[in-house]
**Q** 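Have a look at this one.
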Amino acid sequence: MKRFISLRISGWRWTLALTALYCLAAAAAISFMRSDTGFSLIWPASGVAVASLLVLGLKRDRLRFLGLMAIGNAAVNLLFGLPALTAVGFAGANISEAVIAAWLAGQSGHRTVIFGEPQWALRFAAAALVGALVGALFASPFATGWTDLPFIASWMAIDMLGILIVAPFMLAALHSLHGGRRAMRARLFRFAGSLLLVTPITVGAFFQVGWPLLFLPVLGVLACTYRHGIAGATVSVALVAVLAMIATNLGLGPIRLIEGELKQVLFLQFYLFCLLGAAMPLASVLARTFRRKNALHEMNTTLELAEKIAGVGHFRIDGTLGTLTWSHEGARLCSQTDRGATSVRAAIRALHREDRSAVVKQVAAARRSLAPFRFDARLVGADGSIRHIHCRGEMSIMDERTRGMVGIVHDVTERTELIRALESAHRNAETRAEEAARLAETDALTGVANRRRAFAVLEEEVARAAATGNALSVIMLDVDHFKSINDIYGHAVGDEVLCALAATGRACVRPLDLFARIGGEEFCAILPGADQAQAIEVAERLRSRIEAMPLAGLNRPRSVSVSLGVAVYCEGLDPHRILQAADTALYRAKAEGRNRFMLAA
């Protein structure tokens with residue numbers, strides 16, 4: 001049982017074929033007229049026109065069809081003896097009702113046909129009603145006048161029945177043609193079997209006069225609807241309509257109990273409307289139910305595949321029976337041989353002994369509070385292997401007194417082992433990174449901060465001083481006559497002098513200060529929070545202690561002196577300029593005789 005989806009055909013051959021079908025339907029309806037008023041039981045051509053406009057995919061094909069339909073309709077009317085003006089007027093009425101009904105049924109131009117949705121079936125019925133009303137109003141001036149209400153009602157009835165019966169049947173037939181010969185042949189055999197049930201029932205109800213058995217065709221129509229959906233409903237109602245017209249033309253059927261031909265025709269039309277009203281909603285609901293069943297099956301299949309790929313299973317606990325039902329993947333993950341209902345206790349026994357108590361407490365707390373729960377635990381397999389699982393779920397209130405649980409379980413053994421390996425690697429990497437960072441910011445010879453570290457700290461302290469207004473001082477110092485030490489005593493002694501100087505310098509500053517080697521025999525001290533007086537004090541301490549430090553590598557008494565330049569941060573100075581100021585003061589100290597410090601101007 002399928003809903004009819006968007007179906008598109010195009011081309012001259014289809015346009016001509018649909019036009020020919022329309023003309024044949026119109027001629028057949030006129031030939032079955034029962035009275036001199038010009039009324040017919042149904043007008044199947046209206047259904048052919050609406051269905052054609054819904055399935056023709058290109059605008060030019062629809063316009064061609066409408067043009068050929070107008071010519072064919074007028075020709076058929078003239079052929080059966082209608083005056084020329086009336087024939088043209090009726091053709092215009094048929095075109096207008098078909099265009100409006102197709103436009104409304106096609107959702108304002110989106111001609112997607114979904115009879116399997118009750119809302120769309122209702123929309124289609126409303127479109128047929130509006131289209132038939134427009135056609136009746138259009139045709140009435142060309143027949144008996146605007147005030148002839150019986151004509152308007154009869155026109156509406158025959159056209160609306162034609163749209164409601166023939167259009168769905170025609171769409172079903174076209175859909176079968178596009179489904180392939182084998183599928184079409186199978187559908188035809190199924191239809192034939194169902195129609196064999198409807199035909200004798202309808203014949204028995206209409207081809208006799210004595211008994212009012214009009215309820216019997218209703219049973220056949222409902223059975224055919226249940227078996228074949230929308231297509232079964234429309235085909236069976238169409239069959240009932242044809243047999244009813246034949247019987248009425250032959251003067252048979254319980255309809256003869258009603259006096260007056262017009263009343264008989266109106267009663268038959270009302271009867272067909274009742275059949276459609278009983279069958280179409282049932283067919284729509286059945287189609288939607290079948291579609292939802294298929295969708296649910298597809299969702300379950302997709303879910304099982306997704307669970308298998310992702311290594312995730314789901315479970316459901318029945319709070320009344322105390323049973324736990326696994327999905328296929330959930331049963332496999334939790335080493336359950338049966339995916340059916342098992343006891344909750346058996347599932348708990350499969351947990352590691354150390355995890356059972358925590359899991360039971362957590363789930364019990366979630367049951368009391370109706371809050372979602374999650375936990376990580378270990379499963380012990382039959383072979384003693386241990387797997388790690390992650391479980392999460394929530395309460396499912398099935399009625400006011402009974403509560404169940406639904407949840408998922410995920411095998412995270414590989415992830416747990418990977419996380420542990422990653423954590424170990426991360427710790428090792430952090431240790432190595434810290435060591436690398438320390439080495440990258442430390443002078444390899446002296447062990448104090450290097451130039452890179454000094455410049456980074458200076459940028460931070462200058463920014464802080466600019467933001468807070470705190471004091472900041474920088475001292476640059478250079479070893480006096482260092483080249484002569486290297487030349488006389490060698491580079492090993494020179495390195496010893498630099499190491500001793502670095503150790504002395506680091507001892508002369510505060511813990512929050514930074515003493516760094518800038519390059520060669522040049523060092524600097526960065527003094528956060530130190531004003532000029534404090535900087536001078538540190539500079540003098542550095543000078544005096546360096547001069548007094550013992551040097552075992554020198555083979556004759558000799559002291560090492562340094563020249564220093566002191567710069568104090570002022571608003572607007574950047575790191576480069578404050579270093580330049582300290583460096584300039586240092587060279588002034590050298591020019592003044594060395595072994596001294598000078599303040600930056």
Side-chain angles (χ1 to χ4, degrees), residues 18-19 21-54 56 59 62-109 111 123-167 170 262 265-266 269-270 272-273:
L18 293 173
T19 303
L21 182 61
Y22 175 84
C23 294
L24 289 174
I30 296 177
S31 67
F32 270 90
M33 288 182 180
R34 281 288 300 135
S35 66
D36 296 333
T37 58
F39 299 130
S40 177
L41 186 58
I42 67 170
W43 183 253
S46 59
V48 174
V50 172
S52 300
L53 292 175
L54 285 172
L56 286 172
K59 184 177 180 180
R62 295 194 294 274
L63 293 176
R64 289 169 183 168
F65 172 78
L66 290 174
L68 294 174
M69 169 186 164
I71 297 172
N73 188 286
V76 170
N77 288 332
L78 290 172
L79 181 65
F80 280 89
L82 289 180
L85 182 61
T86 303
V88 173
F90 282 8
N94 292 139
I95 291 174
S96 63
E97 68 190 13
V99 170
I100 291 176
W103 182 78
L104 292 175
Q107 302 179 7
S108 302
R111 298 180 307 284
R123 181 187 183 92
F124 185 78
L129 175 63
V130 174
L133 176 61
V134 171
L137 294 176
F138 193 104
S140 60
F142 299 96
T144 56
W146 290 97
T147 58
D148 191 350
L149 295 181
F151 174 85
I152 295 175
S154 297
W155 182 288
M156 285 181 59
I158 63 174
D159 277 31
M160 188 173 176
L161 281 171
I163 295 173
L164 292 178
I165 294 175
V166 177
M170 184 173 169
L262 179 59
V265 171
L266 292 177
Q269 291 172 341
F270 178 74
L272 293 178
F273 276 121

**Q** Once rounded to the nearest 0.5 Å, what's the spacing between atom CG of Leu129 and atom CG of Asp159?
**A**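 Leu129 CG to Asp159 CG: 11.5 Å, rounded to 0.5 Å.
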**Q** Quick one: are Trp43 and Ile163 in side-chain contact, heavy atoms under 4.5 Å?
**A**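 No, too far: nothing below the 4.5 Å cut-off.
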**Q** Using a distance-only test with no angle check, is there a side-chain donor-acceptor pair under 3.5 angstrom linking Glu97 and Trp155?
**A**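 The answer is yes; a qualifying pair exists.
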**Q** Quick one: pull up CG in Leu53 and CG in Leu66 and give me the separation to the nearest 0.5 Å.
**A**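 Separation between the atoms: 5.0 Å.
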**Q** Quick test of your reading: applying side-chain hydrogen bond (donor to acceptor under 3.5 Å, both in side chains), list the pairs with at least one residue in residues 73-82, sequence neighbours left out, ordered by first then second residue.
**A**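 Residue pairs passing side-chain hydrogen bond (donor to acceptor under 3.5 Å, both in side chains), neighbours aside: Tyr22-Asn73, Asn73-Asn77, Asn73-Asn94.
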**Q** Identify the heavy atoms of Ala87 and Ala74 that sit nearest to each other, and give their distance.
**A**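 For Ala87 and Ala74, the tightest heavy-atom pair comes out as CB-O, 3.9 Å.
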**Q** May I have all residue pairs that pass side-chain hydrogen bond (donor to acceptor under 3.5 Å, both in side chains) and include part of residues 44-54, sequence neighbours excluded?
**A**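 side-chain hydrogen bond (donor to acceptor under 3.5 Å, both in side chains) check on residues 44-54 returns no pairs.
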**Q** Work out which heavy atom in Leu104 is nearest to a heavy atom in Ala127; give both atom names and the distance.
**A**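 Closest pair (atom of Leu104, atom of Ala127, distance): CB-CB, 3.6 Å.
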**Q** Between Leu161 and Phe273, is any pair of side-chain heavy atoms under 4.5 Å apart?
**A**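 Yes. Closest side-chain heavy atoms under 4.5 Å.
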**Q** If you define the side chain from C-beta out and look only at heavy atoms, does anything of Leu18 sit under 4.5 Å from Arg64?
**A**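 Side-chain contact under 4.5 Å: no.
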**Q** Provide the closest heavy-atom pair for Phe151 versus Ala136 in the form atom of the first, atom of the second, distance.
**A**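 That closest heavy-atom pairing would be CE2-O, 4.4 Å.
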**Q** Nearest heavy-atom pair of Ala25 and Val48: which atoms, and what distance?
**A**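 The pair with the smallest heavy-atom distance is CB-CG2, 4.2 Å.
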**Q** Would you find a donor on one side and an acceptor on the other, under 3.5 Å apart, between the side chain of Ser140 and the backbone of Leu137?
**A**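 Yes: the side chain of Ser140 pairs with the backbone of Leu137.
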**Q** For the side chain of Thr86 and the backbone of Phe142, is there at least one donor-acceptor N/O pair under 3.5 Å apart?
**A**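 Confirmed, Thr86 side chain pairs with Phe142 backbone.
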**Q** Working to the nearest 0.5 Å, report the span between CG of Leu85 and CZ of Phe90.
**A**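 Answer rounded to 0.5 Å: 10.0 Å.
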**Q** For Ala105 and Arg123, work out which heavy atoms get closest and say how close.
**A**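 Nearest pair, atom of Ala105 first, then Arg123: O-NE, 4.2 Å.
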**Q** Work out which heavy atom in Ala139 is nearest to a heavy atom in Ala93; give both atom names and the distance.
**A**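 Heavy atoms only, the tightest pair is CB-CB, 3.6 Å.
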